[in-house]
4 protein chains.
Amino acid sequence: MGRPSNTEQRRAEIREGLLAVMSERGYGGASIAAIARAAGLRSGLVHYHYESKLAILTGLVEDLAAGLDARYRARCSADDSSDERLMTFIDAHVATGPDADQRAVRAWITVSAEALHQPEVRTLYVAALEQRHEELKRLFASALKQRGRSTRKASELAAAVSAAIEGTFHIASAAPHLIPKGSAARTLRRMASGLLDGTDA
Amino acid sequence: MGRPSNTEQRRAEIREGLLAVMSERGYGGASIAAIARAAGLRSGLVHYHYESKLAILTGLVEDLAAGLDARYRARCSADDSSDERLMTFIDAHVATGPDADQRAVRAWITVSAEALHQPEVRTLYVAALEQRHEELKRLFASALKQRGRSTRKASELAAAVSAAIEGTFHIASAAPHLIPKGSAARTLRRMASGLLDGTDA
Amino acid sequence: MGRPSNTEQRRAEIREGLLAVMSERGYGGASIAAIARAAGLRSGLVHYHYESKLAILTGLVEDLAAGLDARYRARCSADDSSDERLMTFIDAHVATGPDADQRAVRAWITVSAEALHQPEVRTLYVAALEQRHEELKRLFASALKQRGRSTRKASELAAAVSAAIEGTFHIASAAPHLIPKGSAARTLRRMASGLLDGTDA
Amino acid sequence: MGRPSNTEQRRAEIREGLLAVMSERGYGGASIAAIARAAGLRSGLVHYHYESKLAILTGLVEDLAAGLDARYRARCSADDSSDERLMTFIDAHVATGPDADQRAVRAWITVSAEALHQPEVRTLYVAALEQRHEELKRLFASALKQRGRSTRKASELAAAVSAAIEGTFHIASAAPHLIPKGSAARTLRRMASGLLDGTDA
DNA sequence: TATGAATGAGACTTCATTCAT
DNA sequence: CATGAATGAAGTCTCATTCAT
């Protein structure tokens with residue numbers, strides 16, 4: 001009895017509304033009213049499903065992190081080599097294919113700025129960076145091992161590629177003309193290769 | 001006759017106030033009152049010297065860009081080789097030395113997010129990215145030439161290093177534990193070397 | 001389901017608040033806080049029902065114009081002669097009867113001044129003047145026709161009476177002692193008669 | 001010794017500045033800074049010569065009243081008949097000749113609105129209305145006497161013409177297309193004639 | 001006289017959040 | 001669940017006035 005709860009769907013609609021508004025106007029420009037409008041809801045409803053505006057943001061951060069991860073997994077094949085997996089990881093993050101989501105990238109940049117002074121956001125943002133770092137470290141370690149080299153530098157290499165990915169988001173969003181033709185993926189792949197095969201200096 | 005103008009100093013104090021507050025609380029959290037407090041001024045005075053809050057921000061963006069450039073120039077020597085200059089450029093941007101300014105880095109991140117939806121900020125942010133790109137391209141071209149290699153890829157390599165620098169700002173600010181010991185500079189140097197000496201694939 | 005809307009009533013209360021304050025202190029003196037106080041509302045509510053202070057003013061201008069029109073219609077009888085209707089029109093505008101509203105007259109004067117530099121107000125003020133002009137022109141044309149005279153000058157006569165009405169508002173509000181005993185209506189009626197029966201010079 | 005005071009000229013410049021700004025933006029839009037700018041002065045100087053913004057306004061009101069009076073006197077000839085003088089008075093107020101000053105008319109309208117709630121302004125505005133009324137009464141009395149009629153109604157007729165003049169200011173400023181071709185002067189002249197020669201009803 | 005900095009009150013407006021229906 | 005009114009704090013900005021130089 002009673003109608004079935006539609007809360008989870010409503011919550012998703014609200015997060016989607018925040019994504020839409022925030023990617024256009026930033027977090028400060030995303031008023032509850034604007035979020036509701038973008039979601040096709042009445043503004044009074046937002047606080048019924050979310051206790052606060054910050055809670056919507058943290059929910060969205062989880063969506064964004066999950067989205068990147070899903071994009072990576074969708075591109076993986078079971079029989080990929082270590083090197084292939086590494087390249088796939090890079091592509092999943094910076095390639096401008098049909099599944100690229102400019103809104104998500106813009107929102108992610110906003111999140112990275114909010115993370116600086118909102119502890120709840122920072123926690124999730126850092127967790128996402130850590131997860132990315134771990135995966136990259138794993139991939140680099142595999143690739144190094146395959147080359148018969150020490151995996152000692154895997155973490156360092158992961159940090160470099162992770163930083164390049166994060167930075168590519170900014171440059172691609174604000175100054176796409178500075179991104180080499182054919183997307184940034186190719187350059188980042190080369191960078192990873194250079195790191196893998198360079199001297200241990 | 002008349003009172004001597006102190007506007008330039010006051011404007012500098014106000015920008016410094018914005019830097020202080022913004023690096024702690026973001027642009028949205030930097031109210032005029034807070035900026036004035038940080039600058040030791042009464043809030044009414046802020047709008048006497050700056051027409052709007054946005055004007056303070058754009059002024060600060062120019063400061064930040066100029067600061068990075070100055071840091072680089074201060075580290076250059078006249079007799080640096082191409083490779084040395086490239087490494088110096090990287091160090092100037094990501095090394096955590098005594099002249100590093102965490103506040104500036106945090107503020108820069110905030111700026112990069114504001115640039116997404118504030119045209120005036122975007123213009124300056126993009127100009128800074130372009131300037132960085134040009135300098136890196138020049139440095140890579142020199143270094144490649146010295147190796148007797150084509151400079152065709154100089155722009156691409158510049159984009160990769162520029163992205164890595166920008167991304168390092170984020171990781172260093174939000175998740176410093178993911179930055180390899182001894183700063184990110186070493187890793188980025190290695191990345192640049194790898195790019196310089198890698199195959200042209 | 002949901003709460004019934006009371007926006008129309010609230011908006012009317014707010015316009016009434018503006019009328020009350022503006023007639024005492026002018027438009028500049030009518031702060032949102034003062035309007036809210038006069039309307040018995042909390043000031044935050046004003047901008048929930050009206051997007052801006054200017055929007056309240058334009059709403060009020062429409063009220064005032066409609067009020068004058070209603071006053072005229074209420075005094076009309078179906079079997080009035082042309083001359084009677086003309087006199088009724090004048091009375092409705094300048095007679096000081098029990099339905100006269102000093103506040104409305106004072107507010108109207110304020111509106112006429114604001115119209116000089118606020119396009120939205122000007123549009124409505126001019127529309128009201130045009131409507132008054134048209135009605136007077138019609139009435140004069142009828143009265144002239146009845147006298148077997150040309151209606152060529154009807155518009156000109158309308159302009160004169162319309163101006164006299166507008167001017168009477170000012171004199172009655174600022175210097176009522178200059179208004180002849182028994183109200184200005186008698187004098188304006190005589191003026192209309194003189195214009196109707198004068199030579200065509 | 002000491003330089004000769006230029007206060008009176010400065011005060012005139014400031015009043016002229018207020019006239020310029022007020023006719024464009026109203027009294028509320030006439031900030032001290034804007035007045036100074038229009039007058040070619042620095043804003044700090046304004047309060048040296050005028051104790052308050054209101055004092056500038058009252059000074060300007062006197063200018064405006066004096067200007068209208070001067071315009072009338074300049075058009076009078078010593079040997080004018082009573083009727084001619086009356087027509088000259090009307091022309092001096094509403095004719096659109098080369099000496100007409102649209103700015104002054106717009107400023108006068110603003111003054112008439114401010115008079116409603118600023119006692120100092122009201123005093124001067126009412127005084128100007130009274131002076132106009134007295135002059136018109138005198139002129140009507142003369143003209144009536146010449147016709148061998150009672151001067152009993154002179155004040156009433158003065159009130160009607162005075163109102164028509166004031167109202168013409170508004171219509172000419174806000175809706176000039178409602179003013180009959182060839183200026184309002186002709187119509188007001190006819191109105192005066194009609195009042196002079198009409199029945200005493 | 002003249003300049004321009006400084007002050008502080010107050011303006012309009014936005015908005016997250018609460019709550020009655 | 002849903003709606004929309006209501007609240008109050010806070011934000012940016014304007015400005016008349018005062019004052020040091």
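So you know, we letter chains A, B, ... as the sequences are listed, proteins then strands, and number each from 1. Remember, predicted model here, so these are calculated numbers, not experimental data.
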Novice: About how many Å separate CZ of D:Arg122 and CG of D:Leu129, when rounded to the nearest 0.5 Å?
Specialist: 10.5 Å
Novice: I'd like the C1' distance from F:dT21 over to E:dT1, given in whole Å.
Specialist: 13 Å
Novice: How long is the line joining CD1 of C:Ile56 and P of E:dA11, in whole Å?
Specialist: 14 Å
Novice: B:His49 NE2 to F:dC13 C1': how many Å, rounded?
Specialist: 16 Å
Novice: Nearest 0.5 Å please: distance from the CG atom of C:Asn6 over to the CD atom of C:Glu13.
Specialist: 8.0 Å
Novice: Between B:Gln9 (CD) and E:dA5 (C1'), how many Å, whole number?
Specialist: 12 Å
Novice: Among the nucleotides E:dT7, E:dA2, F:dC1, which one has an atom lying closest to any side-chain atom of A:Thr7?
Specialist: F:dC1
Novice: Could you please name the option among F:dA6, E:dA2, F:dA2 that lies closest to any side-chain atom of A:Arg10?
Specialist: F:dA2
Novice: Rounded to whole Å, please give me the gap between CG in A:Asn6 and C1' in F:dA2.
Specialist: 10 Å
Novice: Which is it for B:Leu57 and B:Glu120 under the side-chain contact (heavy atoms from CB on, under 4.5 Å) test, yes or no, and what are the steps along the way?
Specialist: CA-CA 9 Å; B:Leu57 179 59; B:Glu120 296 90 341; over 6 Å; no
Novice: Minimum heavy-atom separation for D:Val21 to D:Gly29, with atom names?
Specialist: CG1-O, 3.9 Å
Novice: Anything below 3.5 Å on both distances counts as a pair; with that, list the stems of at least three consecutive Watson-Crick or G-U pairs involving DNA chain E.
Specialist: E:2-21 with F:2-21
Novice: Measure from OH on C:Tyr50 to C1' on F:dA6 and round the result to the nearest Å.
Specialist: 18 Å
Novice: In this structure, which one of D:Ile14, D:Leu19, D:Leu41 forms a side chain to side chain contact (heavy atoms under 4.5 Å, CB included) with D:Ile35?
Specialist: D:Ile14
Novice: List the residues meeting ring pair (Phe, Tyr, Trp, His ring centres under 6.0 Å) with D:Tyr27, not counting sequence neighbours, and say none if there are none.
Specialist: none
Novice: Provide a list of protein-nucleic acid N or O atom pairs under 3.5 angstrom, restricted to nucleotides 14-18 of chain F.
Specialist:
from: F:dA16; atom 1: OP1; to: D:Lys53; atom 2: NZ; distance (Å): 3.0
from: F:dA16; atom 1: OP2; to: D:Ile32; atom 2: N; distance (Å): 2.6
from: F:dT17; atom 1: OP2; to: D:His47; atom 2: NE2; distance (Å): 2.9
from: F:dT17; atom 1: OP2; to: D:Lys53; atom 2: N; distance (Å): 3.0

Novice: Roughly how far, to the nearest 0.5 Å, is the CZ atom of D:Arg15 from the NE2 atom of D:His49?
Specialist: 12.0 Å
Novice: Once you round it to whole Å, what is the distance between C1' of E:dA9 and CZ of B:Arg42?
Specialist: 13 Å
Novice: C:Arg11 has an atom CZ; how far is it from atom P of F:dA5, in whole Å?
Specialist: 11 Å
Novice: Under 6.0 Å from the CD atom of A:Glu51, do we count more than 12 heavy atoms belonging to anything else shown?
Specialist: no
Novice: Specify the separation, in whole Å, of atom CZ of A:Arg37 and atom P of F:dT3.
Specialist: 15 Å
